[in-house]
Amino acid sequence: MLLTKEISSSSILFFLVLSFSFHCLASTHYNFVVKDAPYKRLCHTKKILTVNGKFPGPTIRVHKGDTIFIKVHNKGKYNITLHWHGVKQPRYPWSDGPEYITQCPIKPGGIFKQKIIFSTEEGTLWWHAHSDWSRATVHGAIIVYPKFGTGSPFPKPNEERPIILGEWWKKDVMKVLQLFLRTGGDPNISDAFTINGQPGDLYQCSKSETFRLSVDQGKTYLLRFVNAAMNIPLFVSVANHMLTVVGIDGGYTKPLTSNYITISPGQTLDALLQANQNPNNLYYMAARAYSTGLNVPFDNTTTTAIVQYNGNSTPFSSPILPNLPYYNDTDAAFGFLGQLRSLASYEHPDNVPLEISSHIISTISVNTLPCVRNNSCEGPNGTRLAASMNNISFVRPSIDILEAYYRHINGVYQPNFPGFPPYIFNFTADYLPLILELLKRGTKVKVLKFNSTVEMVLQGTNVVAGIDHPMHLHGYSFFVVGYRYGNFDKDKDPLTYNLIDPPLRNTAMVPKNGWITIRFTANNPGVWFMHCHIERHQTWGMETVFIVSNGKCPEEHFLPPPPDMPPC
Ligand SMILES: *[C@@H]1O[C@H](CO)[C@@H](O)[C@H](O)[C@H]1NC(C)=O
Ligand SMILES: *[C@@H]1O[C@H](CO)[C@@H](O)[C@H](O)[C@H]1NC(C)=O
Ligand SMILES: *[C@@H]1O[C@H](CO)[C@@H](O)[C@H](O)[C@H]1NC(C)=O
Ligand SMILES: *[C@@H]1O[C@H](CO)[C@@H](O)[C@H](O)[C@H]1NC(C)=O
Ligand SMILES: *[C@@H]1O[C@H](CO)[C@@H](O)[C@H](O)[C@H]1NC(C)=O
Ligand SMILES: *[C@@H]1O[C@H](CO)[C@@H](O)[C@H](O)[C@H]1NC(C)=O
Ligand SMILES: *[C@@H]1O[C@H](CO)[C@@H](O)[C@H](O)[C@H]1NC(C)=O
Ligand SMILES: *[C@@H]1O[C@H](CO)[C@@H](O)[C@H](O)[C@H]1NC(C)=O
Ligand SMILES: *[C@@H]1O[C@H](CO)[C@@H](O)[C@H](O)[C@H]1NC(C)=O
Ligand SMILES: [Cu+2]
């Protein structure tokens with residue numbers, strides 16, 4: 001009796017495994033060839049780095065819980081790494097991608113087969129290069145569908161489209177980076193923003209290539225937004241149409257209807273658009289900068305796509321332009337972001353940590369370095385710009401931290417990232433003494449015990465100039481339990497936290513001269529990068545690393561590396 005039962009249950013299991021893997025066979029292996037390809041934008045053809053010659057790159061489609069393999073061939077001129085943004089990669093940091101954090105780069109001619117392990121993610125994520133500034137053109141969407149037999153918690157849309165927002169320079173992005181590194185000042189601003197690779201017809205030579213979203217009157221479209229821009233958060237709106245947000249950063253939200261969205265670099269957002277307007281008009285979808293830094297130059301142009309109803313009898317009329325919030329409207333930016341709530345339903349419960357075992361407070365600042373010798377110093381007052389967390393500007397080592405941790409190689413990093421600001425002052429004061437602009441440099445990491453519950457306050461400062469910072473954590477999603485303008489008050493502010501249905505994100509914007517509090521459970525052992533997703537701030541060192549130790553049981557240890565890890 002017992003025997004029969006055992007046999008039958010294991011054969012059922014066998015059948016399930018077999019049918020599951022059979023169904024997935026077609027799409028579990030991808031080839032990503034990193035190579036140059038010519039693209040014409042803004043009246044000018046240049047070679048850009050791409051994956052498989054595509055810009056934006058290929059879309060990856062998986063189901064929740066899938067594991068896929070991507071063989072990356074570097075046929076470009078530069079070292080490269082690829083990152084799967086928002087994919088937690090449980091116990092497997094080896095494929096995460098940030099250069100010199102979890103791997104050494106794939107050199108020109110090199111190959112690295114990356115294993116991408118999906119777990120709790122459901123919705124839209126993306127992948128991008130995580131070395132120098134290649135991610136400007138090396139990026140694409142990841143779509144995670146629900147498991148077979150389950151559905152999304154919102155009315156099924158008729159169709160869906162990725163909407164990838166990007167930033168385009170007329171010059172070679174590597175030249176822009178090199179100039180930026182040489183001068184010590186701000187980088188050259190971009191020449192255009194793009195929607196699915198196209199600037200749109202408000203720019204020169206873009207009319208015929210403008211991205212068009214063809215819709216049928218009465219149908220609903222799921223727009224999967226990805227902000228792949230380098231240096232700037234964006235406002236996006238569609239003329240005369242509302243957007244109903246149903247997901248962010250690969251997780252579901254309570255529906256939120258708005259006539260614009262705020263989306264920072266690194267963030268993704270799923271929104272439903274109902275095609276319910278007069279089909280004889282054309283409607284622009286438009287995006288432009290949200291920029292708050294005083295005297296910080298930014299690209300002040302507007303990218304557009306066109307929403308066009310099938311059967312339109314006036315296809316050559318001028319599209320209607322939506323109203324977008326003013327470029328420095330922080331209240332509009334956070335008026336939207338602050339209303340987002342996780343779904344927190346029976347099928348998609350929240351697990352916000354309530355008891356905290358590890359409290360961290362970190363300032364995030366832009367700094368200056370005094371001019372030395374004959375360096376070029378085009379930062380404010382003849383300095384070079386830099387950036388820090390808790391006054392430490394992160395220095396990338398020459399061997400990756402994961403390797404050093406796994407093989408006990410000494411001298412690569414120090415496990416003493418401060419859990420508290422080294423000096424308390426009015427972080428958001430209008431005028432601050434110049435001495436506060438200076439910083440320390442180091443490769444300092446924060447070690448977290450397995451399964452510890454972490455609360456981290458990220459406090460923006462007005463050192464040099466306050467600006468919004470979209471902070472991204474690898475290996476985890478975190479709950480944004482609170483935010484406000486001004487200085488964090490450890491007595492009053494925790495009383496305002498939302499511990500019921502706070503938004504669950506992998507990238508959250510810290511408001512200019514304000515703070516956010518995030519919470520997560522450190523149950524994914526490994527080495528995980530945290531950094532500002534504004535590329536110039538990351539280049540300046542606004543980042544740190546978490547090492548999450550192994551738990552007691554073997555199932556709580558991170559896995560060994562694959563045999564083909566790129567060597568240093
Ligand atoms: C940077 O901008 C300056 C001024 O607009 C321009 O002259 C220069 O060619 C640009 N260089 C690069 C590499 O973008
Ligand atoms: C940006 O452009 C808008 C008009 O589109 C204009 O009102 C604003 O002054 C510009 N801002 C800057 C800083 O150039
Ligand atoms: C936004 O910019 C305008 C000038 O373009 C300025 O008058 C206004 O004070 C700025 N608002 C904020 C909140 O900084
Ligand atoms: C810096 O100055 C030194 C001596 O004045 C000179 O030998 C060197 O070439 C200069 N370096 C650069 C990059 O200009
Ligand atoms: C530049 O120097 C002046 C005069 O010392 C000072 O008032 C100002 O705050 C400085 N600005 C920055 C960004 O360091
Ligand atoms: C800090 O600076 C801000 C901006 O100037 C000011 O409103 C606030 O009162 C200051 N806080 C304290 C405690 O001095
Ligand atoms: C950061 O460290 C530098 C160097 O030790 C120091 O001069 C500066 O005042 C510190 N700044 C802050 C905000 O702690
Ligand atoms: C992790 O911590 C929770 C309490 O926060 C506890 O219930 C659970 O058993 C712990 N799990 C492991 C594997 O240690
Ligand atoms: C490319 O990566 C290798 C291995 O880490 C490193 O030695 C080399 O300096 C890198 N090349 C560049 C141009 O950064
Ligand atoms: Cu930043």
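When a ligand or atom number is given, it counts from 1 through the structure's own listing order. As the structure is a prediction and not an experimental result, all values here were calculated from the model.
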- [ ] Before accepting this row, confirm whether a basic side-chain N of the pair E209/K40 lies closer than 4.0 Å to the acidic partner's carboxylate O.
- [x] no

TODO: Compare every heavy atom of P560 with every heavy atom of Y92, then report the nearest pair and how far apart it is.
DONE: CE1-O, 3.9 Å

Give me the nearest non-hydrogen protein atom to [atom] as residue plus atom name, then the distance to 0.1 Å.
{"atom": "atom 1 (C) of ligand 9", "value": "N79 ND2, 1.5 Å"}
{"atom": "atom 9 (O) of ligand 1", "value": "K171 NZ, 2.5 Å"}
{"atom": "atom 4 (C) of ligand 1", "value": "N188 ND2, 4.7 Å"}

Pair [X], [Y]: side-chain N/O donor-acceptor within cut-off below 3.5 Å:
{"X": "T461", "Y": "S365", "result": "yes"}
{"X": "T383", "Y": "N381", "result": "no"}
{"X": "T304", "Y": "Y203", "result": "no"}

Open item on the list: Can you name the atoms of ligand 1, numbered from 1 with element, that are less than 4.0 Å from a heavy atom of L179?
Closed with: 1 (C), 11 (N), 12 (C)

For the residue pair [X] and [Y], categorise the inter-ring angle as parallel (less than 30°), tilted (30 to 60°) or perpendicular (more than 60°).
{"X": "Y30", "Y": "F32", "answer": "perpendicular"}
{"X": "W133", "Y": "W169", "answer": "tilted"}
{"X": "F55", "Y": "W168", "answer": "tilted"}

- [ ] Please determine if Y100 has a nitrogen or oxygen closer than 3.5 Å to a nitrogen or oxygen of ligand 9.
- [x] yes

Open item on the list: Is it the case that ligand 9 has an N or O less than 3.5 angstrom from some N or O of K107?
Closed with: no

Task: Per-atom contact, atom 7 (O) of ligand 1, protein heavy atoms, under 4.0 angstrom - done: no

Open item on the list: Determine whether any protein heavy atom is located less than 4.0 Å from atom 12 (C) of ligand 1.
Closed with: yes

Open item on the list: Under a 4.0 angstrom heavy-atom cut-off, which atoms of ligand 9 come close to C568?
Closed with: 4 (C), 5 (O)

- [ ] Just give me the atom name: the N, O or S atom of H469 closest to the Cu ion (ligand 10).
- [x] ND1

Task: Contact check: H537 to the Cu ion (ligand 10), N/O/S below 2.8 Å - done: yes

